[in-house]
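The structure appears below as structure tokens.
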Amino acid sequence: MVAGASMFPGCTHNTFSDKFNSLYYPPSLTGLRGSHPGSNTHAHDRAWSKKSDWGPTNKLKESYDLVVVGGGISGLSSAYFYQKKYGNDKKVLILDNHDDFGGHAKRNEHTIDGKTLISYGGSQSIVEPKHGNKVVHDLLKDIGVEIERFNTAYDRDFYKRNNLGSVTYFNKKIFGEDKVVRHPYCNYPNYIEGLMAGKLSNEDAAQEAPLSNKGKKQLLKVLNGGLHKIDVPKNKLNDYIRSHSYFDYLKDTLGVDNPGILRMARHSALDWAVSGTDVMTIETAKSCGALGFTPKTVYDEDNPYIYHFPDGNASIARALVKKMIPSVAEGKNAEELVLSKFKYAELDKFSNAVRIRLNSTVVNVRHGSDPKNSSEIFVKYIKNNKSHMIKAKSVVMACYNMMIPHIVSDLPEEQASALRLQSKSPLQYSSVSLKNWRAMKEMEIGMAMSPGNMHQAIFMDFPVSMGGYEYTKTPDDPCIIQMISCPYGETIGAPRIEQYREARYRMLGLQFSDYEEEIRSHLSGMLPKKLFDFDKDVESITVNRWAHGYTVSGPKNSTKIGRQPFGQITIANCDSAGSADVKAAINMASRAVNELS
């Protein structure tokens with residue numbers, strides 16, 4: 001594993017200055033990443049234990065025009081929009097609890113034989129950028145993101161050229177044998193542009209599945225099923241599928257009782273609807289392309305799923321940082337920054353107009369007087385287990401919205417209650433560097449649905465080459481594979497909020513060795529032993545755990561109520577839009593800044 005560097009903070013003239021060891025470079029760290037160990041400790045102390053005594057507070061002689069809480073894309077965009085509106089001389093501080101900026105837009109780097117492989121650990125792609133508004137388009141253009149460049153950067157023929165398609169891996173632990181069947185049994189893989197569909201007919205796919213004879217017959221019935229199997233009048237069908245459970249449809253309408261099929265069904269939508277299909281209506285399951293519904297194109301021709309940097313949307317975060325702190329890296333646009341190694345020592349320099357302070361958890365934000373008239377806001381944060389306080393004229397809360405009532409403790413109760421109703425589903429992206437992908441080629445795996453494993457999908461990373469970075473060319477070359485896990489609760493049908501809570505607890509209770517063993521078992525069971533040896537062929541693993549991953553909006557208009565301005569405190573983040581999307585993150589930042597007076 002690549003070792004991380006130490007960080008040596010210090011104070012000068014009663015102001016804070018991050019002094020980084022020259023080796024400090026979070027993207028190169030492997031092991032447990034995402035919300036890495038320690039990043040949520042103080043936030044959990046505040047939310048769970050109501051901790052308020054953080055020891056003596058160092059009142060720094062630092063005053064800012066704007067403090068942004070949260071250094072993800074929405075937080076970075078808030079700083080960007082603030083300077084755009086009020087001038088580049090305005091002083092802005094961005095505070096984030098993680099050791100890297102970008103929030104879920106996390107860059108992963110792996111090194112094999114001196115060659116750097118780039119991937120992502122969260123926010124994946126710019127989804128349907130042509131549907132974005134002027135605010136989004138203008139920001140992307142200003143930071144040097146050229147949307148049309150992806151038409152040539154993304155290799156749409158890669159999968160076909162290498163005969164890589166959609167398959168399903170059944171593991172021995174759950175299904176009785178390790179077996180790869182060349183059929184995905186769902187629509188999930190169709191979002192990857194150029195990925196070949198399953199090669200088997202429904203009849204052959206049902207017969208190939210490692211199920212009992214009765215189970216094979218039930219599976220075929222599901223694969224050939226659909227809305228035409230529901231015996232209700234046509235004029236009542238839409239109301240029926242909106243109000244009836246997908247699992248009830250499987251069990252009652254189609255007569256499924258085989259546990260293997262129900263498990264396949266539960267894990268067939270992954271992150272498309274931020275829950276297992278056991279808590280979906282028929283309508284939602286159909287829209288997600290769950291088991292038993294006809295595969296369909298996910299994105300329209302004008303917005304294919306190709307708008308992906310090698311490090312995902314981390315490139316957008318990096319381009320925003322470069323725009324506001326020019327000395328941080330070399331490169332005139334987002335593409336030129338792809339291979340640039342950022343200088344983290346530049347982030348929190350006293351001379352910067354915009355400063356980014358990492359490893360800093362905000363625990364209290366309050367107006368100095370009546371919120372309607374207050375001219376200053378006090379922000380308390382914890383860094384290196386020590387309490388610090390700074391002043392600002394305005395604050396944008398661009399963090400997890402459900403945490404805001406714990407931080408801004410004097411919010412109006414209606415607003416605080418609305419914010420508490422917002423949530424996020426747990427999510428995990430594990431990037432694995434391989435010395436070659438001969439075994440993936442042999443098994444014709446572009447993406448493997450894996451209903452028996454922690455990671456329900458595994459695939460060859462997106463085939464993108466740009467900015468001097470070259471995607472893997474041949475099966476003999478090193479590559480990165482991505483593994484996606486959307487953890488659910490153990491109780492099928494339990495309310496999704498309860499399942500999120502249980503899954504988070506289980507996720508955060510695991511050590512890296514637990515994840516490594518799971519990935520070892522998954523890959524070793526799926527790939528042929530003559531071509532794959534885990535200990536020889538796997539170079540490194542980065543497990544990006546997001547206990548609070550995809551935005552899940554609260555009921556009715558709670559999202560809108562929760563994001564209302566409070567004095568000179570406004571609220572950004574995808575949560576305030578109820579949508580986990582980079583366009584939403586940018587738009588919410590623009591709104592939050594425009595709400596400041």
Side-chain angles (χ1 to χ4, degrees), residues 1-5 25-40 98-100 106-113 115-122 169-174 178 180 267 270 426-440 443 445 447-461 472 478-488 490 503-529 531-547 549:
M1 296 299 169
V2 180
Y25 188 65
S28 67
L29 298 177
T30 56
L32 292 180
R33 300 294 296 149
S35 288
H36 52 83
S39 60
N40 288 330
H98 295 95
D99 62 9
D100 202 357
K106 197 68 66 184
R107 179 177 171 108
N108 287 175
E109 293 184 9
H110 298 262
T111 303
I112 298 182
D113 296 331
K115 176 181 173 62
T116 298
L117 304 182
I118 302 173
S119 190
Y120 58 94
Y169 164 59
F170 297 94
N171 67 350
K172 184 176 181 179
K173 180 179 179 180
I174 299 298
D178 289 316
V180 172
H267 294 272
L270 275 76
L427 177 68
Q428 181 177 305
Y429 281 178
S430 297
S431 59
V432 181
S433 67
L434 302 180
K435 294 181 179 178
N436 65 78
W437 47 282
R438 291 190 288 266
M440 297 285 283
M443 300 304 293
I445 297 174
M447 172 178 277
M449 301 302 295
S450 307
N453 290 86
M454 173 191 291
H455 297 90
Q456 301 107 320
I458 176 173
F459 65 101
M460 294 285 294
D461 203 357
T472 186
C479 76
I480 289 179
I481 56 173
Q482 277 286 346
M483 305 179 73
I484 300 176
S485 174
C486 298
Y488 312 137
E490 294 295 330
R504 282 191 204 105
Y505 183 82
R506 188 172 64 248
M507 170 191 282
L508 296 178
L510 297 177
Q511 303 300 312
F512 177 73
S513 58
D514 299 314
Y515 292 105
E516 182 180 35
E517 185 55 37
E518 165 64 24
I519 293 170
R520 174 191 295 272
S521 174
H522 192 155
L523 296 180
S524 298
M526 184 179 73
L527 300 175
K529 291 178 173 53
L531 293 175
F532 180 78
D533 182 315
F534 184 89
D535 292 318
K536 293 180 179 178
D537 295 324
V538 173
E539 180 67 22
S540 53
I541 298 171
T542 301
V543 178
N544 301 277
R545 301 184 300 179
W546 302 108

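The basis for the numbers below is simple: all heavy atoms, side chains too, and nothing from hydrogens, waters or symmetry mates.
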Problem - R33 and Y429: CA distance, side-chain angles, deciding distance, side-chain contact (heavy atoms from CB on, under 4.5 Å) verdict - result: CA-CA 10 Å; R33 300 294 296 149; Y429 281 178; over 6 Å; no

Problem - Considering all heavy atoms, the nearest M443-P528 contact - result: CG-CD, 3.5 Å

Problem - Derivation and outcome, side-chain contact (heavy atoms from CB on, under 4.5 Å), residues S431 and Q482 - result: CA-CA 5 Å; S431 59; Q482 277 286 346; 3.6 Å; yes

Problem - Flag, side chain of S35 to backbone of W546, donor-acceptor distance under 3.5 Å - result: no

Problem - Side-chain H-bond candidate by donor/acceptor type, T542 with N108, under 3.5 Å - result: no

Exercise for the section: Please state whether the rings of H455 and H522 are parallel, tilted or perpendicular, taking 30° and 60° as the class boundaries. Expected result: tilted

Problem - Pairwise side-chain contact, L29 with D99, heavy-atom cut-off 4.5 Å (strictly under) - result: yes

Exercise for the section: In plain terms, say whether D533 and K435 are close enough for a salt bridge, that is, a side-chain N and a carboxylate O under 4.0 Å apart. Expected result: no

Handout entry: Closest non-hydrogen atom pair, G525 against D178
Key = O-CB, 3.4 Å

Practice task
Indicate the atoms forming the closest heavy-atom contact of A439 with F532, along with that distance.
Solution key: CB-CB, 3.9 Å

Practice task
Using a cut-off of 6.0 Å, state whether more than 12 heavy atoms not belonging to D113 lie near its atom CG.
Solution key: no

Practice task
Check the pair L527, F534 against side-chain contact (heavy atoms from CB on, under 4.5 Å), reporting the backbone distance first and the verdict last.
Solution key: CA-CA 10 Å; L527 300 175; F534 184 89; over 6 Å; no

Handout entry: Expected output: side-chain R504 to main-chain A547 donor-acceptor under 3.5 Å
Key = yes

Practice task
Compare every heavy atom of I481 with every heavy atom of I458, then report the nearest pair and how far apart it is.
Solution key: CD1-CD1, 3.8 Å

Problem - Residues L510, M454; criterion side-chain contact (heavy atoms from CB on, under 4.5 Å); working and verdict - result: CA-CA 12 Å; L510 297 177; M454 173 191 291; 3.8 Å; yes

Practice task
Search all heavy atoms of E539 against all heavy atoms of T111 and return the closest pair with its distance.
Solution key: CG-O, 3.5 Å

Handout entry: Where S119 and I480 come nearest, the two heavy atoms and their spacing
Key = CB-CD1, 3.5 Å

Handout entry: Approximate separation, where rounding is to 0.5 Å, of F459 CZ and M440 CE
Key = 10.0 Å

Problem - Summary of side chain to side chain donor-acceptor pair (under 3.5 Å) pairs that have at least one residue in residues 505-514, sequence neighbours excluded - result: none

